[in-house]
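For the numbers below, each heavy atom of this structure counts, side chains included, while hydrogens, waters and symmetry mates do not. Just so we're on the same page: letters track the sequence lines, and every chain starts at 1.
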Amino acid sequence: MKKFVLSRDDLNPSDYSIEYEELLNEAQYSAVMHDRGPVLLVAGAGTGKTRTLVYRVARLVESGVDPSQILLLTFTRRSAHEMLRRASQILDERCQRVEGGTFHHYCSKLLHLNAESIGYPENFTIIDASDAMDAIHLVRSRMDIPKEQKRFPKKLTLYSIISSSINKQRSIRQTIEDEYPQFISHLEKIDELNSKYQDYKELNYVMDFDDLLVKTRDLLLNNDEIRTQVASKNRHVLVDEYQDTNALQAELTRLLSSYHKNVMAVGDDAQSIYSFRGADHKNMMRFPELFENTKIIKLEENYRSTQRILDVANRVLEEAQEKFDKKLYTNNEQGDLPGLVKAANMNDQSRFLTQMILNLREQGSELSDIAVLFRNGRDSFDLEVMLNKKDIPYIKYGGQKFTEAAHVKDVLAHLRVLLNPKDAISWNRILLLIDGIGPKTAEDLFSWAHQNGNPFRPENAPNISERYLTQLKALGDLFSKLKQLKGSVPEQLQAVVDYYSVFCKKRFDDHPKRMKDLETFVDISGTYRSLETMVEEIALDPIEATAIETEASQKDESPLILSTIHSAKGLEWRTVFLIQCLDGILPSGYALDDEDQLDEEVRLLYVAVTRAKEQLFITYPALFQSRYGDYFSNPSRFIDELSDELIEPWLLVEDNEASQQSQIEDKKDRLEN
DNA sequence: TCTTACCCAGTTTTT
DNA sequence: CTGGGTAAGA
């Protein structure tokens, strides 16, 4: 028996209601009981990192720390909620009062509270990446960019350059030199555009995602009083998924914990998969440099997976050029050999999946114990069609979001100008819908609205052409109605949807589906406390596209999970299928000529594999079907060399009778449609 | 001068 | 399926 000397806390260990020592292993226990000062918790996949955080929250609350003085920063809002829910379960409801969310959420909250100090009004609007790109587009069109021989970067590229320079804390020049050398000749213009873009946002009281971090950093850095006030409130700061934080977030972590210096960063450098967002897994190893007297605790025993799954995971990690000094081990059972399934084509792959899933369900598995993972959002389209056909309920994480679809953004824009009349991006969007109004007229109308009184009566503007006068009146009427309906989000939303339906029909061929989406949106909008919270939460935490459909159909069975690997971070399922494991997809074709990026793709595969508890299947089609034609494809270079002892090859064979049957069904389906 | 219709190209991952 | 570019039409 090892002895562990506890430093005295507010509460004597023997007085705790939870038996931490029995419920945790030694390393977990020491993390949970850690008293003061910075800690770096290096936790491999499935080693109980979440469990440790949950118990630490409970332990802190139980020992008398005011829950509102604990800050739990996580990668998604979902995971913060889940952790606090679990902490509440093992202790009590007090844990729900812990301050939790993403860096962006927390920063947003601080900025709203201290808006005055940064020269913003309290009602500033948060714009998402696509709004930001619209703004950049607008700014660019106002500059005169000479039509040189060389192409000027597109708005997407410009946004990436600007965002990357911020998240990696480098100059625009450095960013272009490192990542976009082809645009170095445009450096001056890009610099100018960037500063105009920054001005534009301040002028219109909007902030993009990066501003939330930058402006909070600046607020805390430049304002001693506020920093002391904020940091002294954060008695304990816990940061999850630290391997995916960037330089800016590391600095924020330091500032936020600068008073009490009780900070615990938790992560696994082998699972760092967000470098495209400026994250640097080396951040983790730099933590002890940034925080003096850091205690390092390692969690090494895996409780999640069978040994055979871990064998594959360990082998995968060897593919990386940069070695990790870790090998996952477990005392769990050996388990079944993972399967490597080669399907003839994508359709067969989907058939295999649906049939396996139905089999598992028959054997008593919950659908929600099964996950299908993939590299890109679109890799599941074929499967989704088949799941729909077979009536298997699923929810998909990652890929296109519901609230990012054009029709939803259109509707939201009408509500956003209500909250922030200076939001030029939304005005632009609204006005461009109207027949006869293009970019120029929209801009003129907006600048009129800014200088003169009431932007909500756009028909009063001068020089209005007959072509769109009545339409502008209708818009004005909509705003009056919205103001009357103040306080009821669903009614306001319904009014916009009614107004918008005519535009929807004109703009989209698939308007019936889109209108149905919008009606569902109206239905669920009652869950938001106010228009302000709805608009803000949707920007920071967009609704998943399938969440709305699942809500609509109200299936009583908990759904199957489809997810991009990125969105599957931190989660686990009994059975995991990784589909489309092809060279050019995983690793992505974009990563092939860069060693660092290839390493990240290895880590991505590693994350996917380590999500599985009991069963793992990696599948790929031999024939890749694209719009330009079909061609034979190779399995991912990372799995191609795995030996049969590690992963068992599966062969799909047709049951002739059954295949005839399914052909008949296919025919029936076609006749019915 | 401004709008719109049409065509073509390219499509990672997310707060 | 969407963005961007072009050319014709108002």
Novice: Restricting both atoms to N or O, compile the protein contacts to nucleotides 7-10 of chain C shorter than 3.5 Å, with distance only.
Specialist:
none

Novice: State yes or no: are the ring centers of A:His112 and A:Phe124 separated by less than 6.0 Å?
Specialist: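 Yes - the distance between ring centres of A:His112 and A:Phe124 falls below the 6.0 Å cut-off.
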Novice: Tell me: CG of A:Leu432 to P of B:dT4, nearest whole Å?
Specialist: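 Rounded to whole Å, this separation is 9 Å.
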Novice: How many Å lie between CZ on A:Arg140 and P on C:dG3, as a whole number?
Specialist: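 The distance from CZ of A:Arg140 to P of C:dG3 comes to 12 Å, rounded to the nearest Å.
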Novice: Could you state the atom-to-atom distance from CD1 of A:Ile585 to C1' of B:dT11 in whole Å?
Specialist: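 The distance from CD1 of A:Ile585 to C1' of B:dT11 comes to 12 Å, rounded to the nearest Å.
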Novice: Sequence neighbours excluded, which residues qualify as side-chain hydrogen bond (donor to acceptor under 3.5 Å, both in side chains) partners of A:Ser636?
Specialist: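 Partners of A:Ser636 under the side-chain hydrogen bond (donor to acceptor under 3.5 Å, both in side chains) test: none.
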Novice: Report yes if the side chains of A:Val609 and A:Val576 come closer than 4.5 Å at any heavy-atom pair, otherwise no.
Specialist: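 The answer is no, as the side chains (C-beta and beyond) never meet within the 4.5 Å cut-off.
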Novice: In the structure I gave you, are the side-chain heavy atoms of A:Thr441 and A:Tyr468 within less than 4.5 Å of one another anywhere?
Specialist: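 Contact flag for A:Thr441/A:Tyr468 side chains = yes.
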Novice: Identify each donor-acceptor pair in which a side-chain atom of residues 586-596 of chain A lies under 3.5 Å from a protein atom, sequence neighbours left out, and give them as a table.
Specialist:
| from | atom 1 | to | atom 2 | distance (Å) |
| --- | --- | --- | --- | --- |
| A:Ser588 | OG | A:Tyr590 | N | 3.0 |
| A:Asp594 | OD1 | A:Asp596 | N | 2.8 |
| A:Asp594 | OD1 | A:Gln597 | N | 3.1 |

Novice: Tell me what A:Ile437 touches on the nucleic acid: a base, only sugar-phosphate, or nothing, going by heavy atoms under 4.0 Å.
Specialist: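 Result for A:Ile437 = sugar-phosphate.
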Novice: Who are the side-chain hydrogen bond (donor to acceptor under 3.5 Å, both in side chains) partners of A:Gln471, not counting sequence neighbours?
Specialist: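 Checked A:Gln471 against side-chain hydrogen bond (donor to acceptor under 3.5 Å, both in side chains); zero matches.
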Novice: Grab the CD-C1' distance between A:Glu443 and B:dC2 for me, whole Å please.
Specialist: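 Computing the A:Glu443:CD to B:dC2:C1' distance gives 14 Å.
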Novice: Under 3.5 Å, which N/O atoms of the protein pair with N/O atoms of nucleotides 12-15 of chain B?
Specialist:
| from | atom 1 | to | atom 2 | distance (Å) |
| --- | --- | --- | --- | --- |
| B:dT12 | OP2 | A:Tyr590 | OH | 3.3 |
| B:dT12 | O4' | A:Asn376 | OD1 | 3.3 |
| B:dT12 | O2 | A:Arg375 | NH1 | 2.8 |
| B:dT12 | O2 | A:Arg375 | NH2 | 2.2 |
| B:dT13 | OP1 | A:Gly377 | N | 2.9 |
| B:dT13 | O4' | A:Arg375 | NH1 | 3.3 |
| B:dT13 | O2 | A:Arg375 | NH2 | 3.4 |
| B:dT13 | O2 | A:His566 | NE2 | 3.4 |
| B:dT14 | OP1 | A:Thr564 | OG1 | 3.1 |
| B:dT14 | OP1 | A:Ser567 | OG | 3.0 |
| B:dT15 | O4' | A:Arg277 | NH1 | 3.1 |
| B:dT15 | O3' | A:Thr102 | OG1 | 3.3 |
| B:dT15 | O3' | A:His104 | ND1 | 3.4 |
| B:dT15 | O2 | A:His104 | NE2 | 3.2 |

Novice: Taking the side chain as every heavy atom from C-beta outward, state whether A:Leu212 and A:Phe103 have any pair of such atoms under 4.5 Å apart.
Specialist: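 Counting from C-beta outward, A:Leu212 and A:Phe103 never come under 4.5 Å.
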Novice: Would you please name every residue forming a side-chain contact (heavy atoms from CB on, under 4.5 Å) with A:Pro153, sequence neighbours left out?
Specialist: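 Testing A:Pro153 for side-chain contact (heavy atoms from CB on, under 4.5 Å), a comparison that skips the adjacent residues, returns A:Thr157, A:Leu158, A:Phe183, A:His186, A:Ile190.
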Novice: Calculate the interatomic distance between A:Ile136 atom CD1 and C:dG3 atom P; express it in whole Å.
Specialist: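 The answer, rounded to whole Å, is 14 Å.
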